[in-house]
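Read through the structure below, which is laid out as structure tokens, and then see the notes.
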Amino acid sequence: MYSALLAAALFATPPQTPPAAQSPAVPATFFARNTTRVESWRFFEPRPGGGDPHYAFIANRLLFGARHTGRRWHFQGAGQYVQFGHLPQRAFGPGPLGTGGAYYDASRDAASRQLYLKYLNATIKGLAPGLDIQAGRFGYASGAEAFSGVPKIEAVKRQRVDSRLIGEFEWSIYQRSFDGVRTDWRRGRYQLTGAWFRPTQGGFEEDANVHVREVNVAVAALTAKPGRWLPHTESQVFVYHYDDNRLVHARPDNSGMPAAAVDVAVTTAGGTLVTAWPSGFDTLLWAAAQTGDWYGQDHRAWSLAAEAGYQWNDATWKPWVRAGINASSGDGAPGDAGHRTFFQMLPTARKYSLSAVYTQMNLRDLFLQALLRPSGALSIRADLHRLDLMQRADRWYFGSGITQRTGAGFGFGTRASTNEKAFGTVLEGAAEYTFNPNWSLNGYAGWIRGAGVVQRLFAAQNLTFFYIENLLQF
């Protein structure tokens, strides 16, 4: 399960389990994780003739499997069963009116369900000194290739770096996986990761077992962990290449041009710098530049994040305040031969948009965040965002990357900007309570006050969304 409170949950916990290559041999173990969620939406009110924005639905996801770690190899296999109840049949127009509309539009079944293979992979450890190779169906999170060993750095990464460009679409009920091969070479404080894989369908699509052979992703990432000279800093440089030739006739951009199939080949290069000082200060710098081909257009784009925080480690509730800016380029000239909108590829977008209403494309996001830990069992988070489009000639983007191999669903959708830039203000909060190691409960409530972009498209500019989620794991 992806919890919006993961960073808060790490405040007082020891480091996560290191990668399999560093673990001793353990016998085969079986595991199960059951997630039950109820979502309630009051999306922006459409104008007459639009869909129904008011609804609630329930969903359940059961992950079950086994893993075994030997001295030279690690094996994992897992299946997943998903079941929905009462998906809304009219929550679409213009575009999906919340996640319920997206799930129903993909399945056309108010009780969408599926049983499928989530993971099946093997890792050979120590094939050469420091070298591990993993192959099969696995998960992948960009930015999380290496483990720093510093809990505060990991907390910042989990919340603000992981899956920004490549992820499992974790919060969606169907999620996604990757079929391919991954290598990790560790030497001292450095780790070099290389991978090639293809995604599965998933996210909102119930046929989540399908291997999407038309999409190929190549990864290279070099991570420098904290060391003697930089004991409080982790840095990374990365290159990701995304190639997509699916028979999907949606084209998510501002060109207004039709497409018989996807024709996208984009290379993204960038770097990350995360610091966490014993005094309580933390910083994050993340930047990426893109080049490539977008439906025959020359693609050039960029994205950046600059954030800082301070945590009062000795205070009651361990208050942690963070603020920053996230910005991604847009296309200001829809009629020319270039494409300038940053392409987020295959993210877990909800980590950066808890409401799942927007994504980090053609967007400037100024935010202030507070995280509290009233007790070892309870975490609380509150966020305030000011959102604006970067280019008024571009569009409002939403989504989390591919969901379907063929059809009309690219994975990112758009709505018109109506020649406006002001998107709105977001106020949201979340809490998680852990009853015991096997049982936790979390919830979220969010409110968006739409500005010019929203007001010109919808009859009312207020959106509210809340959910409650129960997690049992063994």
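If you're wondering where the values come from, they're calculated on a predicted model, not measured in any experiment.
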What I want to find out is whether [X] reaches [Y] closely enough, with some N-O distance under 4.0 Å, to be called a salt bridge.
X: Asp394; Y: Arg340; answer: no
X: Arg164; Y: Asp162; answer: no
X: Glu469; Y: Arg37; answer: yes
X: Arg364; Y: Asp388; answer: yes
X: Arg198; Y: Asp243; answer: no

Does the side chain of [X] come under 3.5 Å of the side chain of [Y] through a donor N or O and an acceptor N or O?
X: Gln290; Y: Thr268; value: yes
X: Trp439; Y: Asn470; value: yes
X: Thr200; Y: His211; value: no
X: Glu145; Y: Tyr140; value: yes
X: Glu168; Y: Ser177; value: no
X: Thr425; Y: Arg449; value: no
X: Gln297; Y: Asp336; value: no
X: Ser440; Y: Thr434; value: no
X: Tyr174; Y: Ser112; value: yes

Given Thr223 and Gln236, is the side-chain hydrogen bond (donor to acceptor under 3.5 Å, both in side chains) satisfied, shown in steps?
CA-CA 4 Å; Thr223 306; Gln236 184 186 80; 2.9 Å; yes
In terms of ring plane angle, is the pair [X] and [Y] parallel, tilted or perpendicular, where the classes change at 30° and 60°?
X: Phe44; Y: Phe458; answer: tilted
X: Phe57; Y: Phe84; answer: tilted
X: Tyr295; Y: Phe410; answer: tilted
X: Phe342; Y: Trp286; answer: perpendicular

Evaluate the salt bridge (charged side-chain N to carboxylate O under 4.0 Å, His left out) criterion for residues Arg113 and Glu206: first the C-alpha distance (whole Å), next the side-chain angles of each, then the deciding distance (0.1 Å), finally the verdict.
CA-CA 7 Å; Arg113 66 184 70 84; Glu206 67 178 6; over 6 Å; no
Is there a side-chain hydrogen bond (donor to acceptor under 3.5 Å, both in side chains) between Asn121 and Gln134 once you walk through the steps?
CA-CA 7 Å; Asn121 58 76; Gln134 181 184 47; 3.3 Å; yes
A quick test of your reading: do over 12 heavy atoms of other residues, nucleotides or ligands sit less than 6.0 Å from [atom1] of [X]?
X: Phe435; atom1: CZ; result: yes
X: Arg392; atom1: CZ; result: yes
X: Arg213; atom1: CZ; result: no
X: His54; atom1: NE2; result: yes

side-chain hydrogen bond (donor to acceptor under 3.5 Å, both in side chains) with Gln76: which residues, sequence neighbours excluded?
none
Sidechain-backbone polar pair: [X] side chain, [Y] backbone, donor-acceptor under 3.5 Å:
X: Thr403; Y: Phe204; answer: no
X: Thr267; Y: His241; answer: no
X: Asp383; Y: Gln369; answer: no
X: Glu420; Y: Ala422; answer: no
X: Arg61; Y: Ser172; answer: yes
X: Arg395; Y: Tyr397; answer: no
X: Thr348; Y: Lys351; answer: no
X: Asp365; Y: Asn326; answer: no
X: Asp298; Y: Arg300; answer: no
X: Ser328; Y: Gln360; answer: yes

Start with the C-alpha distance between Asp282 and Arg322, add both sets of side-chain angles, then the distance that settles salt bridge (charged side-chain N to carboxylate O under 4.0 Å, His left out), and finish with yes or no.
CA-CA 9 Å; Asp282 67 87; Arg322 304 193 77 255; 3.0 Å; yes
Considering non-hydrogen atoms only, spot the tightest contact between [X] and [Y] and give its length.
X: Trp447; Y: Thr464; result: CD1-CG2, 3.8 Å
X: Pro347; Y: Gly401; result: CD-N, 4.2 Å
X: Ala333; Y: Asp331; result: N-OD1, 2.9 Å
X: Ile448; Y: Ser355; result: CD1-OG, 3.8 Å

Tyr358 vs Phe398, test: ring pair (Phe, Tyr, Trp, His ring centres under 6.0 Å). Steps then yes/no.
CA-CA 4 Å; Tyr358 54 92; Phe398 55 89; over 10 Å; no
Please confirm whether Arg415 makes a cation-pi placement over Trp396, using NZ or CZ under 6.0 Å from the six-membered ring centre and within 45° of the ring normal.
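The answer is yes, since Arg415 meets both limits relative to Trp396.
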Contact check, side chains of Thr414 and Pro252, non-hydrogen atoms, under 4.5 Å
yes
Report yes if the side chains of Tyr240 and Leu165 come closer than 4.5 Å at any heavy-atom pair, otherwise no.
yes
Only pairs at least two apart or in different chains count here, so list each ring-ring contact (aromatic ring centres under 6.0 Å, His included) that has a residue in residues 242-273.
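Passing the test, one end in residues 242-273: Tyr242-Phe343.
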Ring pair (Phe, Tyr, Trp, His ring centres under 6.0 Å), that's the test. Do Phe465 and Tyr444 meet it? Break it down for me.
CA-CA 8 Å; Phe465 164 45; Tyr444 165 87; 5.5 Å; yes
Would you compute the distance between atom OG1 of Thr99 and atom OH of Tyr104 and round it to the nearest 0.5 angstrom?
15.5 Å
To the nearest 0.5 Å, what is the distance between OG1 on Thr35 and CG on Asn60?
7.5 Å
Report the C-alpha separation of Gln89 and Asp52 in whole Å, then their side-chain angles, then the decisive distance to 0.1 Å, and conclude whether the side-chain hydrogen bond (donor to acceptor under 3.5 Å, both in side chains) test is met.
CA-CA 9 Å; Gln89 300 182 34; Asp52 182 1; over 6 Å; no
Output, in order, the C-alpha distance, side-chain angles, deciding distance and verdict of side-chain hydrogen bond (donor to acceptor under 3.5 Å, both in side chains) for Trp294 and Thr341.
CA-CA 10 Å; Trp294 180 270; Thr341 307; over 6 Å; no
